[in-house]
Amino acid sequence: MKENLSRLIQQALDSLVEQGQLPADIQPRVQIDRTRDKSHGDLASNIALTLAKAAGVPPRELAQSICDALPGSELVSRTEIAGPGFINFFLSEDSNQAIIKRILAQGEAFGRSNDGQGRKVQVEFVSANPTGPLHVGHGRGAAVGDSLYRLLEATGWSVSSEFYYNDAGAQIHNLALSVQARCKGLTPDDAGWPADGYRGEYIVDLARAYQRGDKVDAEDQHVIAAGDAGDLEAIRKFAVAYLRREQDLDLKAFAVHFDVYFLESSLYQSGEVEATVRRLVENGHTYEKDGAIWLRTTSFGDDKDRVMRKSDGGYTYFLPDVAYHLNKWQRGFERVINEQGADHHSTVTRVRAGLQALEQDIPDGWPDYVLHQMVTVMRDGEEVKLSKRAGSYVTLRDLIDEVGCDATRYFLVARAPSSQLTFDIDLALSQSNDNPVYYIQYAHARVCSVMRKLAEQGWNWDSSAALEHLGLLGEEHERSLLRRLDHYPELVANAAANCEPHSVATYLRELAGEFHTWYNAHKMLVEEQPLRDARLALSEAVRQVIANGLQLLGVSAPESM
RNA sequence: GGGGGUAUAGCUCAGCUGGAUAGAGCACCGGCCUUCUAAGCCGACGGUCGCAGGUUCGAAUCCUGCUACUCCCGCCA
C-alpha cells in the first residue's frame, strides 16, 4: 500500500517539476508513515515539509500543489492537508478490504518477500562449548538466532545456520580432567580434584557412561567409550561427544536446527590457523614483544593491541576466530550475523580488526553482530540461580520442562536483545490473558473453534462468496484490524532487515488483543449469511497472519486449547 | 581509568530508522458479566521520555557532556 501511494506522490512531483513549480534537481525521498491518530487518515506523508525549503514555498502551500497534482486513484478516498504541512491519505473501503483478499489468496506466503533475492547469509548462534548443558543465556541466543534464521528465510535470503564450538582448548582439558576425577571416585571438594574442574552432577552421569562403555551418537560425531580411566584423550573425545549430544537434545526440544556444526579443531587441522598467522605477519601488522606475537589491532580501531601467539607457542582464542571468519567469507557469505551474549562484545572489534589486517577486501564492519544481554529467571518473586544438574546455573532444559517450548521461546525472543531480560516462570505458566503466548495462541485457536462451531450449526463458509460482502465490515474494530493486517508484510521486512525478531512478538500481541476485543464486541455466527461470511473472512485472515507470525518465532499455532 | 549496553506510567516493556496530542499489558480504582471457547468485557487514573546543552520546520529518537545501573577490559573461550 505504501508503495502505491509513494508512486502516486512521485508522479505528482514529476508533473510539478514539468510545470516549473519545483526545481528539476530535487532528489525527493518519498516517505509514507502510518498515522497514529485515526483522524489523520490511514497514511500520511511529510514530503511537503522536506521539500519546502528547496522549493522556496511554504510547506502547506506546497502540500496543496502536490495534492492538486496527484493522479486520481481508486485506493484513496480523499486527502487532507494538516498540521505544518502533512498530507493525510484516507484509504477507500476497497483498498482496505483488498488486504483480506490478499491474505486469503496468499495464505502462508503472506508477509514473505524476496528482499534477499537469494543472496547467501549465515546466522551463527548458540556456539556453546561442549562443557555442560545449555543455560538460559544460550536459550536466548537460540530463540533470537533461530528467529532471525526464519525471518531471513522468509524474506528471500539463502540462509545457513551454524554452530561453532571449541572441542580442544583448555576448557575441554578441564572437562576431561573432571570426568577422569569422577571416574576415580573423587568429588569436587576432595583433595586432588582438578582446579577449575566442572562440579555439576552431569559429570557423574558422564563418567558412568564412559566407564560403562556407552556409545554416543551426536549430530556431528559418533564415539564409543573406551572405559579406561587412565586414557585422558579417550575421555576427552567421549566427553565432547556426550555433551554435544546432550546439547543436541536440548536444541531439539527447543525446536532449533543447525545446518552446520563447525569445529574449531578443524581450523588447525586444515592449516587455516597457520595460514592466517602467516598472512598477518606478511602484511606487517604484527610485532614481537615478551616472547609473544602481537597483532596491531589498534590500527583498526581497537583500544589496545592483542596477543595472537602466546609465548608458549599456543594461540589465543581470537586468532582461530579470525581464521574462522575468513573461512566464512571464503564460503561466499556476503552477510554474516553472529548472535552472541553481550559478554563477548570485546571480540567484535578484535575479529573485525583481524579481518581487515588480512587485506582480503572484506568490507569494513563485516560481519554483523547481534548481542543479547543477560537473562535472569524469577519464580515466586525471587531469582532462581541454580539447577540441580548443572549446579551453578539455570539450564535451558529446566525451563522447557517446566513451562514448555512455546512459552520459553516466546519469552526469550519477545524483548529487544539489547535489553536485559527477566524470565517470569509464574507468568509463563499462567493460563490467562496476562500471558502473551497464551493470549496469542488462544486467538488462533478461537478462530478455529468458531469454524468448528459453524460446521456444527450446519452452515458452511464459502471464502470466494465471502469476498463479495467485505463491504459489510464497517465497524471501527474491523477497520482497525484491517489496518493492522496491512502492516504485517512491512513489519516482517523491517524485523529481518534490522535483526529485530522481538517486533514480531510485539505485533502478534497487539493483533491478538485487537482480535479478542472485536470478537467480544460482535457476534461472528450471525443469522445473515453475508455479514457472517464477511466476518469469518476477517477472522480467517487474522488466523492466517497469527499462524505466519508464530512460525517466524518458532512457536506453535494450536487449533484448540 | 577505557569500552559496550540500558535508562520511557507504580511494575514489565513497545515506540515503525526525525513527525502531529508518547503507547500496550499488568497493578490500582469504577462499572458490566449467566457468553460463537470457558480461564472474562468496558472505562478512568497514571509521563519534566535519567539530567544539561546542541542540530531543525519538528527530537523519546540524531550529536556533545554529565549521572545511575549493568556487562566486558587475560599470553581464558
- Let me know the distance between CZ of A:Arg484 and C1' of B:rG23, rounded to the nearest Å. 11 Å

- B:rA20 base stacked by A:Phe86 (centroids within less than 5.5 Å, tilt under 30°): yes

- 5'-most by nearest nucleotide on RNA chain B - A:Ser39 or A:His516: A:Ser39

- Hey, is the side chain of A:Lys289 poking within less than 4.0 Å of OP1 or OP2 on B:rC75, counting only N and O atoms? no

- Side chain of A:Asn166: nearest nucleotide among B:rA77, B:rC75, B:rC16? B:rA77

- Message: Any base atoms under 4.0 Å from A:Ala52, or only sugar-phosphate, or nothing? Heavy atoms, all strands.
- Response: nothing

- Could you walk me through whether A:Tyr324 and A:Phe262 pass the ring-ring contact (aromatic ring centres under 6.0 Å, His included) check? CA-CA 9 Å; A:Tyr324 176 44; A:Phe262 197 103; 4.7 Å; yes

- Length of the CG-P vector between A:Leu491 and B:rG15, whole Å: 10 Å

- Query: To the nearest angstrom, how far is A:Asp305 atom CG from B:rG74 atom C1'?
  - Reply: 15 Å

- Query: Nucleotide by nucleotide, 5' to 3', does protein get under 4.0 Å of the base (B), only the sugar-phosphate (S), or neither (-) in nucleotides 64-73 of chain B, counting heavy atoms?
  - Reply: ------SSSS

- Item | salt bridge (charged side-chain N to carboxylate O under 4.0 Å, His left out) partners for A:Asp434, two or more places apart | none

Produce the list of close N/O pairs, under 3.5 Å, pairing protein atoms with atoms of nucleotides 6-10 of chain B; give distances to one decimal.
none

- Answer yes or no on whether A:Arg244 is positioned over the face of A:Tyr165, meaning its NZ or CZ is under 6.0 Å from the six-membered ring centre and within 45° of the axis. yes

- Please identify each residue that fulfils ring pair (Phe, Tyr, Trp, His ring centres under 6.0 Å) with A:His138, with sequence neighbours left out. A:His135

- Under 4.0 Å from any atom of RNA chain B, heavy atoms only: list the residues of residues 128-145 of chain A that qualify, in numerical order. A:Asn129

What donor-acceptor contacts under 3.5 angstrom involve side-chain atoms of residues 376-384 of chain A, with partners at least two apart or in another chain?
from, atom 1, to, atom 2, distance (Å)
A:Arg379, NH2, A:Glu402, OE1, 2.6
A:Arg379, NH2, A:Glu402, OE2, 3.2

- Please measure how far the P atom in B:rG23 lies from the corresponding atom in B:rG15, and state the result in whole Å. 15 Å

- Readout for nucleotides 33-40 of chain B: B = base within 4.0 Å of protein heavy atom, S = sugar-phosphate only, - = neither; 5' to 3' it is ---BBSBS

- Does any N or O in the side chain of A:Thr395 come within less than 3.5 Å of the main-chain N or O of A:Leu134, such that one atom is a donor and the other an acceptor? no

- Item | First of A:Ile87 and A:Glu264 reached from the 5' end of RNA chain B, by closest nucleotide | A:Ile87

- Pair A:Arg309 + A:Asp312, salt bridge at N-O below 4.0 Å: no

- Pair pattern of RNA chain B in dot-bracket, where unpaired bases get dots and | marks partners in another strand, Watson-Crick or G-U under 3.5 angstrom: (((((((..((((.....[...))))..((((.......))))......(((((..]....))))))))))))....

- Query: Are any non-hydrogen side-chain atoms of A:Val136 and A:Leu396 less than 4.5 angstrom apart?
  - Reply: no

- Name all residues meeting the salt bridge (charged side-chain N to carboxylate O under 4.0 Å, His left out) criterion together with A:Arg112; count only those two or more places apart in sequence or in a different chain, and write none if there are none. A:Glu153

- Message: Working note: A:Tyr442 + A:His516, criterion ring-ring contact (aromatic ring centres under 6.0 Å, His included); need CA distance, chi angles, decisive distance, verdict.
- Response: CA-CA 9 Å; A:Tyr442 182 39; A:His516 287 306; 5.4 Å; yes

- Message: Could you check whether any side-chain heavy atom of A:Leu295 comes within less than 4.5 Å of a side-chain heavy atom of A:Leu280, counting everything from C-beta outward?
- Response: yes

- Task: Report yes if the side chains of A:Leu371 and A:His344 come closer than 4.5 Å at any heavy-atom pair, otherwise no.
- Result: no

- Just checking, A:Arg352 and A:Trp366: is the charged tip under 6.0 Å from the six-membered ring centre and within 45° of the axis? no

- Contacts of A:Arg236 meeting salt bridge (charged side-chain N to carboxylate O under 4.0 Å, His left out) (sequence neighbours excluded), chain-then-number -> A:Glu233

- Side-chain contact test, heavy atoms from C-beta onward, threshold under 4.5 Å: evaluate it for A:Leu538 versus A:Trp518 and give yes or no. yes

- Message: Would you measure the distance from the C1' atom in B:rC26 across to the matching atom in B:rA14 and give it in whole Å?
- Response: 14 Å

- Message: Work out how far the P atom of B:rC63 is from that of B:rC76, and round it to whole angstrom.
- Response: 36 Å

- Message: Would you measure the distance from the C1' atom in B:rG47 across to the matching atom in B:rG31 and give it in whole Å?
- Response: 26 Å

- Results of salt bridge (charged side-chain N to carboxylate O under 4.0 Å, His left out) for A:Arg34 - residues two or more places apart only: A:Glu490

- Query: Taking N and O atoms by type only, does the side chain of A:Ser311 place a donor or acceptor under 3.5 Å from a partner on the base of B:rC75?
  - Reply: yes

- Note on the structure: Side-chain atoms of A:Arg509 come closest, of B:rC75, B:rG25, B:rC57, to B:rG25

- Item | Non-hydrogen side-chain atoms of A:Tyr507 and A:Arg484 separated by less than 4.5 Å | yes

- side-chain contact (heavy atoms from CB on, under 4.5 Å) between A:Asn129 and A:Glu264, intermediate numbers included: CA-CA 10 Å; A:Asn129 285 341; A:Glu264 182 181 344; 5.8 Å; no

- Taking only side-chain nitrogens and oxygens of A:Arg36, does any of them come within less than 4.0 Å of OP1 or OP2 of B:rA20? yes

- Message: Nearest whole Å is fine: how far is B:rA20 P from A:Asp33 CG?
- Response: 9 Å

- What pairs with A:Trp461 under ring pair (Phe, Tyr, Trp, His ring centres under 6.0 Å), at least two apart in sequence or on another chain? none

- Nearest-angstrom distance from the residue atom OH of A:Tyr164 to P of B:rA77: 10 Å

- Under 3.5 Å, is there an N or O donor on one side and an acceptor on the other linking the side chain of A:Asn46 and the base of B:rA20? no

- Assign A:Asp290 to base, sugar-phosphate, or nothing according to its heavy-atom contacts below 4.0 angstrom with the strands shown. base

- Classify the nucleic acid contact of A:Arg415 as base, sugar-phosphate or nothing, counting any heavy atom under 4.0 Å across all strands shown. sugar-phosphate

- Task: Tell me what A:Asn435 touches on the nucleic acid: a base, only sugar-phosphate, or nothing, going by heavy atoms under 4.0 Å.
- Result: nothing

- Task: Using the P atom as the reference point in each nucleotide, state the distance between B:rC16 and B:rU61 in Å, no decimals.
- Result: 12 Å

- Message: What's the gap between B:rC41 and B:rG5 when it is taken at their C1' atoms, as a whole Å value?
- Response: 40 Å

- Are OP1 or OP2 of B:rC42 and a side-chain N or O of A:Thr517 less than 4.0 angstrom apart? yes

- Message: Could you tell me how far B:rC51 sits from B:rA59 if I compare only their C1' atoms? Round to whole Å.
- Response: 16 Å

- Query: Taking the same atom, C1', in B:rA52 and in B:rC11, what whole-Å distance lies between them?
  - Reply: 28 Å

